[in-house]
J.: 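One structure, as structure tokens, below. Some questions next.
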Amino acid sequence: GSANIGVTGLAVMGRNLARNLARHGHQVAVHNRTNARTQSLVEDHGDEGTFVPSESLEDFVDSLQKPRVVIVMVKAGPGTDAVIDELVPLLEEGDIVVDTGNAHFADTRRREEALKTKGLHFVGCGVSGGEEGALLGPSIMPGGSKWAYDRLGPIFESIAAQVDGTPCCTHVGPDGAGHFVKMVHNGIEYADMQLIAEAYDLLRQGLGATPAQIADIFRTWNEGDLESFLIEITVDVLSHIDERTGKPFVDIVQDQAEQKGTGRWTVQNALELGVPITGIAEATFARSLSGHAAQRAAAGEAFGSGVTDGWVADGDRDAFVEDVRRALYASKVVAYAQGFDHIAAGSEEFGWDIDRGKTATIWRGGCIIRARFLDRIREAYDDQPKLESLLVAPYFAEAVSNGSDAWRRVVSAAALNGVATPAFSSSLAYYDGLRRDRLPASLIQGLRDLFGAHTYRRVDAGGSFHTLWAGDKSEIQS
Ligand code: NDP
């Protein structure tokens, strides 16, 4: 075969990834279960580079140079397993199968294990940036063996987004590490969007501002620390006017947020690992709450919405906007700190040795959470690879403590005026909880010991203890 890389699965993502590869001078073997997609790719974009189309999977495999590199970009779940099952008998020892779909990292671990026994390299690879990213340069998060990355890395680095000459692609770690990091990326994306939505809601209710006016505020914010893709597109969405009604677009869209499940995966796994990713969890639950239309209607009828209209006094408007900006930034720092803690915990649990500084580096471009402040995160982890929490790195510590008065004013104003800000509020609670010298967890330990003899540790002695609560309340060592 003559092609140096192949893509099977040519829906929007696979099609654009194949075009990106071809545009960068790779000879790309292309295949799709339904041949019409392959034909249309070659007809519409054949002039962008060298495509080697095949109608059957056998011909597709034969058209590849050995050791073969096959990218599978199909519907995640059973679709991916079906394609792998078909592909494996056609491959030879040393070939590399790359799954760029949105797989759960546990599936990736299972598939990697299975293919390894057949002498094949399986690379679970996170790709972020949507359709446009796939075509113009995504953020690429490959897992799998070092050996596979030596072969794949140069190809992926050539098609990834580039920031300051550095590609947004690195070998994340063995087996499921790439898909794990992609999962946490998506979780952070949930938190980021929820925080933006809460900031918008506060400005709208507090100031009685129009979506277009709020778009202008976000436009200004995008020139500072908050500069990011999500803030940039918030300006576009808020300033958009619905063609049919002439109303602001945000007012004609149903207010029930949907999800494909990666936020849920992140929260489920964080619960298993015991990592408090409260920002991501609140963001995921906020989407669920928005979807419960009947309950919302019942509660609205029972209580009314209770929001104070335009509570910010005329003379306080600029200060309020600045407070919301600071609260948004501080909450965002918390969400990222939690996400990076989650990566550290996953890395520890599965022995992946993930470099968090490098992870921040490859999220600077191409992906949905790309943002100016990822440079700061990279610097923080480059300075101190074992940093206890992003919150205590000098730059972030300053941002959070400088913003904390504003944060408190915003969260209390939200509570007093009936605006729900689950992500702002829980991020502040996390910050306050984390820095306390004594937490009321001591009382919880006492309760657990009383009703269940679960024992406790003392501040002044080693070992575990139990109090004989039903007896003379003396203490025994257990
Ligand atoms: P879809 O998820 O809609 O999947 C459609 C593709 O999968 C088609 O090529 C289809 O073939 C193929 N397929 C499904 N089942 C099978 C099967 N049993 N055997 C063979 N082929 C099968 O495509 P997208 O391009 O939207 O996404 C591809 C992957 O990328 C998914 O895993 C998705 O989660 C992930 N992803 C998507 C992003 C996005 O923005 N859309 C962003 C990042 C990742 P056929 O044409 O014959 O039906």
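Whatever order the structure lists ligands and atoms in, that order sets their numbers, starting from 1.
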J.: Which of the atoms of ligand 1 are close to Leu10, meaning less than 4.0 Å from one of its heavy atoms?
T.: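 This gives 9 (O) as the contact atoms.
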J.: How close does the nearest protein non-hydrogen atom get to atom 17 (C) of ligand 1, and which residue and atom is it?
T.: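 Nearest protein contact, heavy atoms only, for atom 17 (C) of ligand 1 is Arg33 NH1, 3.1 Å.
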J.: Below 3.5 angstrom, do we get any N/O pair linking Val74 and ligand 1?
T.: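 Yes, since at least one N or O of Val74 sits under 3.5 Å from an N or O of ligand 1.
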J.: Compute the ring centroids of Phe51 and His45, then answer whether they are less than 6.0 Å apart.
T.: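 When the ring centroids of Phe51 and His45 are compared, they turn out to be at least 6.0 Å apart.
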J.: Number the atoms of ligand 1 from 1 as they appear, then name those within less than 4.0 Å of a heavy atom of Ala82, with their elements.
T.: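 Atoms satisfying the 4.0 Å criterion: 18 (N).
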J.: How far is atom 39 (C) of ligand 1 from its nearest protein heavy atom, and which residue and atom is that?
T.: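 Going atom by atom, the protein heavy atom closest to atom 39 (C) of ligand 1 ends up being Met13 SD, 3.6 Å.
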J.: Quick one: does Lys260 get an N or O within less than 3.5 Å of an N or O on ligand 1?
T.: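 In fact, backbone or side chain, Lys260 has no N or O that close.
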J.: Ring-plane angle category for Phe373 and Tyr336, please: parallel below 30°, perpendicular beyond 60°, tilted otherwise.
T.: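 Because their plane-to-plane angle is over 60°, the rings of Phe373 and Tyr336 count as perpendicular.
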J.: Quick one: does Val127 get an N or O within less than 3.5 Å of an N or O on ligand 1?
T.: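 No, Val127 has no N/O under 3.5 Å of an N/O on ligand 1.
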J.: Output, in order, the C-alpha distance, side-chain angles, deciding distance and verdict of ring pair (Phe, Tyr, Trp, His ring centres under 6.0 Å) for Tyr200 and Trp221.
T.: CA-CA 12 Å; Tyr200 151 75; Trp221 289 355; over 10 Å; no
J.: Could you tell me which atoms of ligand 1, counted from 1 in the order shown, lie closer than 4.0 angstrom to a heavy atom of Val83?
T.: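 By the 4.0 Å cutoff, the relevant atoms are 19 (N), 20 (C), 21 (N).
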J.: Enter the distance from His342:NE2 to Met183:CE here, rounded to the nearest 0.5 Å.
T.: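 So the NE2 of His342 and the CE of Met183 are separated by 4.5 Å.
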J.: Quick one: are the ring centres of Trp407 and Tyr431 less than 6.0 Å apart?
T.: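 Yes, ring centres under 6.0 Å apart.
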J.: For the residue pair Phe105 and Trp352, categorise the inter-ring angle as parallel (less than 30°), tilted (30 to 60°) or perpendicular (more than 60°).
T.: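 Answer is perpendicular, since the angle exceeds 60°.
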J.: Taking both backbone and side-chain atoms of Arg37, is any N or O found less than 3.5 Å from an N or O belonging to ligand 1?
T.: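 Yes.
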J.: Checking salt bridge (charged side-chain N to carboxylate O under 4.0 Å, His left out) between Asp175 and each of Lys146, Arg109, Arg110, which is the one that passes?
T.: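 Option passing the salt bridge (charged side-chain N to carboxylate O under 4.0 Å, His left out) with Asp175: Arg109.
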J.: For atom 14 (C) of ligand 1, what's the nearest protein heavy-atom neighbour? Residue, atom name and distance, please.
T.: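 Ranked first by proximity to atom 14 (C) of ligand 1 is Lys75 CB, 3.7 Å.
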J.: Verify whether one side chain among His26 and Ser158 offers a donor that lies under 3.5 Å from an acceptor in the other.
T.: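 Side-chain D/A pair, His26 to Ser158: present.
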J.: Among protein heavy atoms, which sits nearest to atom 30 (O) of ligand 1, and what does the distance come to when rounded to 0.1 Å?
T.: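 Atom 30 (O) of ligand 1 sits closest to the protein heavy atom Met73 SD, 3.3 Å.
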J.: Got the closest protein heavy atom to atom 47 (O) of ligand 1, with its distance?
T.: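 Protein heavy atom with the smallest distance to atom 47 (O) of ligand 1: Thr34 OG1, 2.5 Å.
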J.: Just checking, is any N or O donor in the side chain of His24 or Asn20 under 3.5 Å from an acceptor N or O on the other one?
T.: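 Yes, a side-chain donor-acceptor pair sits under 3.5 Å.
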J.: For a 4.5 angstrom cut-off between non-hydrogen side-chain atoms, does Leu203 reach Val324?
T.: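 In short, these two side chains touch, coming nearer than 4.5 Å.
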J.: Assess, by modelled atom type and distance only, whether the side chains of Asn102 and Lys182 contain a donor and an acceptor separated by less than 3.5 Å.
T.: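 Per modelled atom types, Asn102 and Lys182 side chains form a pair under 3.5 Å.
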J.: Report yes or no: do Asp59 and Ser54 form a side-chain donor-acceptor pair below 3.5 Å?
T.: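 No, because no side-chain N or O of Asp59 sits under 3.5 Å from a partner of the opposite role on Ser54.
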J.: Starting from atom 26 (O) of ligand 1, find the nearest protein heavy-atom neighbour and note its residue, name and distance.
T.: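 For atom 26 (O) of ligand 1, the nearest protein heavy atom is Val12 CG2, 3.5 Å.
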J.: Go through ligand 1 atom by atom and flag the ones less than 4.0 Å from a non-hydrogen atom of Gly9.
T.: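 Atoms satisfying the 4.0 Å criterion: 9 (O).
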J.: List every atom of ligand 1 that sits less than 4.0 Å from any heavy atom of Ala76, numbering the atoms from 1 in the order shown and giving each element.
T.: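 Result: 32 (O).
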J.: If the cut-off is 4.0 Å to any non-hydrogen atom of Asn32, which atoms of ligand 1 fall inside it?
T.: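 Within the 4.0 Å cut-off of Asn32, ligand 1 contributes 8 (C), 9 (O), 11 (O), 45 (P), 46 (O), 47 (O).
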J.: Name the closest protein heavy atom to atom 35 (C) of ligand 1, giving the residue it belongs to and the distance to 0.1 Å.
T.: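 Checked against all protein heavy atoms, atom 35 (C) of ligand 1 sits closest to Asn102 N, 3.7 Å.
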J.: Which one of Ala11, Gly130, Ala36 has a non-hydrogen atom at the shortest distance from atom 23 (O) of ligand 1?
T.: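 It is Ala11 that holds the nearest heavy atom.
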J.: Using distance alone, decide if ligand 1 has a nitrogen or oxygen within less than 3.5 Å of any nitrogen or oxygen in Thr100.
T.: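 Among all N and O atoms of Thr100, none is under 3.5 Å from an N or O of ligand 1.
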